[in-house]
Chemist: 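The structure's right below; bear with me while I get my questions together.
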Protein chains: 2
Amino acid sequence: MFGQIAPGEALTLRGIGREFDVSMTPAREAVQRLVAEGALTMSASGRLATPALTPERIEELAALRALIEVELASRALPRAHMALIDRLQAINTTISEVVANRDAVGYIRANLEFHRTLYLRAQAPAMLAMAETVWLQLGPTMRALYTRLRRSEAPHYHRLIIAALKAGDEPGLRLAVRSDVTQGLKMLVG
Amino acid sequence: MFGQIAPGEALTLRGIGREFDVSMTPAREAVQRLVAEGALTMSASGRLATPALTPERIEELAALRALIEVELASRALPRAHMALIDRLQAINTTISEVVANRDAVGYIRANLEFHRTLYLRAQAPAMLAMAETVWLQLGPTMRALYTRLRRSEAPHYHRLIIAALKAGDEPGLRLAVRSDVTQGLKMLVG
DNA sequence: CATCGCCCCATGTGATCACAAAGCGCATTG
DNA sequence: CAATGCGCTTTGTGATCACATGGGGCGATG
């Protein structure tokens, strides 16, 4: 999910087993889960690899993120109070620091934490799980994305999200979330 | 997905293995997949059961269906041609027959085939996979639903969907799909 | 008769083994 | 020197086994 594995990278059950010091059986089960969620691909012969997404699929996943996350944000809005907003601002500060350090994995992790923190307030576990499944599928690709945008951009849309939360502005929140989610992925498709 | 298993029904790995004449290993892997997709629950001790959904979760899943399937229908609309509409009408005929026979599983299966047939035209495999994941989670619950509505109702909203497809009426299509998806599940929540 | 507690059985987990297939490298040949 | 074919090695699959744990049924007790 955090882009620690490059797109197209191959994995082996025995290798995973060695890495985590277990036998093939638990490695197989974990891998089966990830394949079911689309986070890993399995060739007809059973070879395992991280998926290299086509532009069409990236567009689809971005559209799914927009659909689901806008809804989650909208449901979180009435429940958002000051403690939540403070927490989101703290995460934003972390993001800025991480960006300064050129830490791609840290960036992705902190960015997703921002979103997850907001969406947890929606009290919609099934929707959140769906969103996280999409994040998982995009993980390896995100890495490629955030190494491409080299400028140390502060989380602009995150500030818009916080402002909309403070103002109780639902249309503004929906727009800000949609923009934040779509923004980065657009440049990978184009 | 088709409601052949009642909500809350328990399953065992050895039982599944016997049923399909394989050992525990493939049964475990299949079950792991289904647990990952939310189609089965696993207690802390590892006991397997079909989930008994709370009203809140049903509402969530219905909202997800509405979000995703409206988008899929909308994407399918420009690609819909007469052969597709004919096929949808044929499925509708099947549904009417199945309803007359009080065949709940057949009803669910045919109903989902109607939706899948339409959504396949959207050329959006990731979205379709998401929708099917939701169907899977709702499967056992759907059965409870369609045994509850006892009247031999013809697929009303399906006809609206077909009409909107013929007319190229996108807002009408979105509304018809949302209504069809929400209609039944509403009565389970209330 | 109801309730509580205990024990046995059934259940999931992880390891290991045998096997088939696929991929890769190397040697051979044109 | 390049292309091709063969064989070894590595990979995933499925079965089986030993084990720990938890649940349900049965009996004892109030």
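The sequence lines fix the lettering, A, B, ..., with proteins before strands; numbering per chain opens at 1.
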Chemist: Got a salt bridge between A:Glu170 and A:Arg75, using NZ or NE/NH1/NH2 to carboxylate O under 4.0 Å?
Modeler: no
Chemist: C:dG12 P sits how many Å from B:Leu40 CG, rounded?
Modeler: 11 Å
Chemist: So that I can tick it off, tell me whether A:Arg65 and A:Glu71 are bridged by a salt bridge, with the cut-off set at under 4.0 angstrom between side-chain N and carboxylate O.
Modeler: no
Chemist: Which part of the nucleic acid, if any, lies within contact of A:Arg28, taking any heavy atom under 4.0 Å across all strands shown: a base, the sugar-phosphate backbone alone, or nothing?
Modeler: base
Chemist: For A:Ser43 and for A:Glu29, find the nucleotide of DNA chain C with the closest heavy atom, then tell me which residue's nucleotide is more 5'.
Modeler: A:Glu29
Chemist: Would you say the side-chain atoms of A:Gln137 pair up with the backbone N or O of A:Glu37, donor to acceptor, closer than 3.5 Å?
Modeler: yes
Chemist: To the nearest angstrom, how far is A:Met42 atom CE from D:dG12 atom C1'?
Modeler: 7 Å
Chemist: Nearest whole Å is fine: how far is C:dA15 C1' from A:Arg18 CZ?
Modeler: 16 Å
Chemist: Applying a 4.0 Å non-hydrogen cut-off, can you work out what A:Thr12 is touching in the nucleic acid: base, sugar-phosphate, or nothing?
Modeler: sugar-phosphate
Chemist: Write down the distance between CG (B:Asp21) and P (D:dT13), rounded to a whole number of angstrom.
Modeler: 20 Å
Chemist: Using a 4.0 Å heavy-atom cut-off across all strands, classify B:Ile16 as base, sugar-phosphate, or nothing.
Modeler: nothing
Chemist: Between P on C:dC9 and CZ on B:Arg47, what's the gap in Å once rounded to a whole number?
Modeler: 15 Å
Chemist: Pick the nucleotide of DNA chain D nearest each of A:Arg14 and A:Thr25; which residue has the one closer to the 5' end?
Modeler: A:Arg14
Chemist: Just how far, in rounded Å, is C1' of C:dC17 from CE of A:Met24?
Modeler: 11 Å
Chemist: Among C:dG23, C:dT16, D:dA15, find the nucleotide with the atom closest to the side chain of A:Ser23.
Modeler: C:dT16
Chemist: How long is the line joining CG of A:Leu13 and C1' of C:dA15, in whole Å?
Modeler: 14 Å
Chemist: Take atom CZ of A:Arg174 as the centre, draw a 6.0 Å sphere, and report whether it contains more than 12 heavy atoms from other residues, nucleotides or ligands.
Modeler: yes
